[in-house]
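Data first, discussion second: the structure below is written as structure tokens.
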Amino acid sequence: MEALPLLLQTGAKEVAVVGAGAIGMTTAITAQRLGLKVTIYTKDRFPDVRSARATGTWSPHSRVAMDSAVTDAFVTKWERMTRRTYAVHQSYLGLAGNPVEWVDRYAMSDTPFEKRPKTVIAMPGGSSDTFVDFEERVKDLTPRNEDLAASSHPFRMPFVRRTSTLRYNVADLYHQLESDFLLAGGRFVPIELNSAADFARIREKAIVNCTGYGARALMKDESVIPVRGQIAWLLPQAEVDYGLQYNHVSVLARRDGILVQALGADEAFGFNDPNEEPDYAAARDSIGVVATMFQPRTPATSAAAG
Ligand SMILES: Cc1cc2nc3c(=O)[nH]c(=O)nc-3n(C[C@H](O)[C@H](O)[C@H](O)COP(=O)(O)OP(=O)(O)OC[C@H]3O[C@@H](n4cnc5c(N)ncnc54)[C@H](O)[C@@H]3O)c2cc1C
């Protein structure tokens with residue numbers, strides 16, 4: 001929606017999108033809805049795109065940018081984009097396959113919930129910075145942010161907070177997006193661009209670049225920095241239909257699997273780490289933490305929980 005006014009200004013009726021991740025697919029479909037003929041040029045398609053590896057939580061404020069890079073214009077634009085994506089994703093609720101749905105998440109703690117202090121991040125090049133924190137700006141969009149009394153939950157931890165949030169069942173969402181794109185006459189063309197000059201190989205002259213992390217190498221844009229770590233997958237279980245968070249580990253049950261994610265002790269975890277190798281020891285550790293989430297209450301923990 002942000003790119004489309006620029007595309008329309010060109011007057012082109014046939015446009016190209018490069019990349020078929022979450023951003024490429026949604027950009028292409030949005031352009032089609034305005035009557036443009038869209039071709040997606042891409043190296044990979046689902047399930048090989050990085051978007052297929054996301055946890056699947058609606059978390060627009062998570063690690064968006066560094067404080068030093070933010071201007072008032074960026075904040076305004078971020079909030080506009082966030083509210084639009086929220087509204088658009090409401091239209092995917094209730095569809096067959098449940099590409100998007102609401103889910104309850106339970107955060108658990110042994111100590112009272114307090115806002116974590118900002119972590120100072122060592123930036124490439126030697127400076128330091130902190131992540132922006134926009135969570136409060138869109139708090140009104142996620143209902144049910146409530147602390148639970150011990151009598152209303154089964155966990156042994158004394159502090160439990162429930163929120164409701166949008167969950168993406170990523171396999172279904174992709175199926176939906178690709179089907180919508182193809183039904184509206186869209187076409188995929190396999191291509192790998194090796195430098196900015198390679199955009200000239202594309203027939204259409206109005207092009208939206210949606211290469212995600214790939215833009216770092218393609219455009220030599222070192223401001224694109226990887227920020228997340230390891231995710232382990234467990235088999236889906238129909239009866240597990242919620243999210244959990246405790247002790248730096250997050251769990252999100254989706255219809256296509258249960259995702260267990262190591263969050264790290266602070267925001268520096270996984271920052272600027274391009275390693276994509278699975279780390280089985282880290283996965284096992286995280287699953288070990290999940291086991292502790294379900295330890296039964298003892299007289300001592302019951303007393304602590306009040
Ligand atoms: C572990 C993890 C968990 C995450 N969890 C969440 C979450 O819960 N919620 C959330 O909102 N976000 C999450 N994210 C972030 C989210 O996954 C990304 O922000 C998002 O998927 C980026 O989408 P994209 O379309 O920009 O990029 P990508 O999915 O990377 O797509 C890029 C596309 O461009 C193509 N491409 C790239 N380079 C070239 C080239 N040179 N030539 C041709 N084609 C090219 C690729 O083939 C691909 O089709 C998570 C990320 C990670 C790593």
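All residue numbers in this chain count up from 1 along the given sequence. Hydrogens, waters and symmetry mates are skipped; everything else that's a heavy atom, side chains included, is used. Both ligands and their constituent atoms are indexed starting at 1 by order of listing.
No option in T42, D221, L218 other than L218 meets the side chain to side chain contact (heavy atoms under 4.5 Å, CB included) test with T211.
For atom 6 (C) of ligand 1, the nearest protein heavy atom lies closer than 4.0 Å. Within a 4.0 Å radius of atom 15 (C) of ligand 1, the protein has no heavy atom. Atom 26 (O) of ligand 1 is flagged as protein-proximal [any protein heavy atom, distance under 4.0 Å].
Among all non-hydrogen protein atoms, the one lying nearest atom 36 (N) of ligand 1 is T211 CG2, 3.8 Å. Atom 30 (O) of ligand 1 has its closest protein heavy atom at R50 CB, 3.4 Å. Scanning all protein heavy atoms for the shortest distance to atom 23 (O) of ligand 1 gives S51 OG, 3.0 Å. For atom 48 (C) of ligand 1, the closest non-hydrogen atom on the protein side is V49 CG1, 3.6 Å.
Residues F134 and T82 have side chains not in contact (no heavy-atom distance under 4.5 Å, counting atoms from C-beta outward).
Counted within 6.0 Å of CG on D140, heavy atoms from surrounding residues, nucleotides or ligands total more than 12; the atom is thus considered enclosed. No more than 12 heavy atoms of other residues, nucleotides or ligands shown are found within 6.0 angstrom of CG on L235. Within a 6.0 Å sphere centred on OH of Y280, heavy atoms belonging to other residues, nucleotides or ligands number 12 at most.
Taking the six-membered ring where tryptophan is involved, the planes of Y242 and Y106 are perpendicular, since the angle between them exceeds 60° and thus also 30°.
Considering only non-hydrogen atoms, atom 31 (O) of ligand 1 lies nearest to G21 out of P190, S59, P60, G21.
Shown in contact with I191 at under 4.0 Å from a heavy atom are these atoms of ligand 1, numbered in order with element: 43 (C). Set against the non-hydrogen atoms of A54, the atoms of ligand 1 under 4.0 Å away are 3 (C), 4 (C), 5 (N), 6 (C), 13 (C), 14 (N), 17 (O), 50 (C). Residue-ligand proximity, T57 to ligand 1, at heavy-atom distances under 4.0 Å covers atoms 7 (C), 8 (O), 9 (N), 10 (C), 11 (O).
Counting heavy atoms closer than 4.0 Å to ligand 1, residue D44 contributes atoms from both its backbone and its side chain. No part of S62 comes within 4.0 Å of ligand 1, judged by heavy-atom distances.
A centroid separation of 6.0 Å or more is found between the aromatic rings of W58 and Y168.
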